[in-house]
Amino acid sequence: MPAAPEPAAAPEPGSAPVSGSAPAPGLAPVSAAGRAAATVRRLAPGILVCVVIAVAATLIGSVVPLVGSAVPGIVIGVVIALVRKPGAVLKPGIQFTSKRLLQLAVVLLGAQLSLGQIAAVGLESLPVMLGSLVVCLVGAWLIGRALGVVGDLRTLIGVGTGICGASAIAAVSPVIGAVSAEVAYAVSTIFLFNISAVIVFPLIGHALGLSPHAFGLFAGTAVNDTSSVVATAAVYGHGAANFAVVVKLVRTLMIIPITIGLAVLVGRRRAALAGGGDAVDAPGEDSGLEGSRVATNAHDTPAGASISGHPRLPEAAEARPAPPRLTPLGVLKLIPWFLIGFVVVAIVGSLGVIPAGAKPGLSAASVFLIAMTLSAIGLSTDIAAIRRSGWRPLVLGGALWALVTLTSLGIMWLTGAH
């Protein structure tokens, strides 16, 4: 008699059922509620830590109103990160707080403003915003070449400083074909000056006697990251924070023309190379710097070697991705969702849908979320990554930071906006 077929092996617990077969007994599909509960359990520890730090920072800010809750939050976070880096259990919640809750805080700030105010702020800030952006991008090209910083890296630091920090870097990096190591260099370099702005800029504002309105214009055009703009202006006062956020969000829209312009330059460069003509000096090309392009093979340059004055990370050995084609839908995707949310909330507020009595509560919630966000950013600080980036990118970041600060104050003085 033929041997009876052996029964199929039972699937291991947690494994996916074989296609076309019924789920094994006791392994019912996870419901949406179950997935949501799992997400909450994964994020809760890190969020709770940020809440505790934010509460402590708020108490400190109530005792010393000049510093507010943002500066104590980021300082406490940095100190904790230096003593003991948050582990894997806390990281998901910390990352969620530093990104999503910041965006929610910005959206809530829209309840304090009307569409008329947004239009007026955008028009008033345009000379300072465009002037500081042009000076920053030109300075990044000239100073970066003089320091010998890689073309893509100086481009990332330039747009990060001139527009909106990590968001601009994230938007531009795939267009110019930057590798992850260069992105990490740029983010870690400008992050140092984000923290410095929170502490230094309010001191400059008080020394110059800037009104909350003028300081909001200054912070919104001279600080390069949304979280730092909000934190810096919040330290100076609530009126400064409202104005600075609108200025910063209008400035964020510069991502679109800058990204399109870089895409055109990269396209021309690639077309020139393909046709055998002279390559256009676009981001990523440095005809005068030997070895400025990152090796596309791990054996070309050993890990730890130096290229254009900064140490190499292992990730830098990866091949450069081809820049994507920018379609109309791709251009729309460059607009951050929280910018759209901010405008929508402002429209709702302008129509009188939000009760006047609810606005103070929304404002207080936004301020507390900002304290949580800065606490999370402090906890995420990677001092070692900043050290690894070398001195040349740091010098470039510092020079651009000072250049944008002086340009912003200078144009404000010339236009009488001080």
Side-chain angles (χ1 to χ4, degrees), residues 13-16 27-59 61 69-111 164-167 169-170 180 183-184 187-188 191 194-195 198 225-231 234 245 333 336-342 344-345 361-385:
S15 63
L27 294 177
V30 179
S31 65
R35 289 194 297 270
T39 301
V40 170
R41 287 194 298 270
R42 182 171 59 88
L43 299 179
I47 294 176
L48 182 59
V49 170
C50 295
V51 168
V52 171
I53 297 176
V55 169
T58 301
L59 293 175
S69 59
V71 172
I74 198 168
V75 170
I76 294 172
V78 169
V79 171
I80 291 175
L82 288 174
V83 174
R84 183 170 182 176
K85 198 72 176 175
V89 174
L90 300 178
K91 282 185 178 179
I94 292 173
Q95 292 174 352
F96 178 83
T97 302
S98 65
K99 295 179 181 179
R100 299 301 181 189
L101 292 189
L102 166 66
Q103 295 166 348
L104 177 59
V106 172
V107 170
L108 291 180
L109 284 175
C164 58
S167 298
I169 290 172
S180 59
V183 175
V187 172
S188 62
F191 180 76
N194 287 343
I195 298 176
V198 178
D225 190 77
T226 304
S227 60
S228 301
V229 169
V230 175
V245 167
K333 288 181 178 179
W337 74 267
F338 60 87
L339 173 57
I340 298 173
F342 177 89
V344 169
V345 172
L362 292 175
S363 176
S366 179
V367 170
F368 187 78
L369 287 175
I370 292 168
M372 286 182 60
T373 295
L374 270 292
S375 302
I377 291 174
L379 289 169
S380 304
T381 303
D382 190 348
I383 301 298

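All values derive from a computational prediction rather than experimental measurement.
- Residues passing the side chain to side chain contact (heavy atoms under 4.5 Å, CB included) test with Val55 are Val51, Leu59, Phe368, sequence neighbours excluded.
- Atom CG of Leu379 sits about 10.5 Å away from atom CG of Leu82, to the nearest 0.5 Å.
- When all heavy atoms are compared, the tightest approach of Gly378 to Ala81 is O-CB, 3.7 Å.
- Side-chain contact between Met372 and Ile47 is present, with at least one heavy-atom pair separated by less than 4.5 Å.
- Among the candidates Ser375, Cys50, Ser380, the single residue satisfying the side chain to side chain contact (heavy atoms under 4.5 Å, CB included) test with Thr97 is Cys50.
- At distances below 3.5 Å, not a single donor-acceptor pair connects side-chain atoms of Ser366 with backbone N or O atoms of Leu362.
- The side chain to side chain donor-acceptor pair (under 3.5 Å) check on Arg42 picks up nothing, with sequence neighbours excluded.
- Once rounded to the nearest 0.5 Å, the distance linking OG1 of Thr373 with CD1 of Ile94 reads 12.5 Å.
- Side-chain contact between Val345 and Leu108: absent, with no pair of heavy atoms (C-beta onward) separated by less than 4.5 Å.
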Open item on the list: Would Val344 and Val107 count as a side chain to side chain contact (heavy atoms under 4.5 Å, CB included) here? Give the steps.
Closed with: CA-CA 9 Å; Val344 169; Val107 170; over 6 Å; no

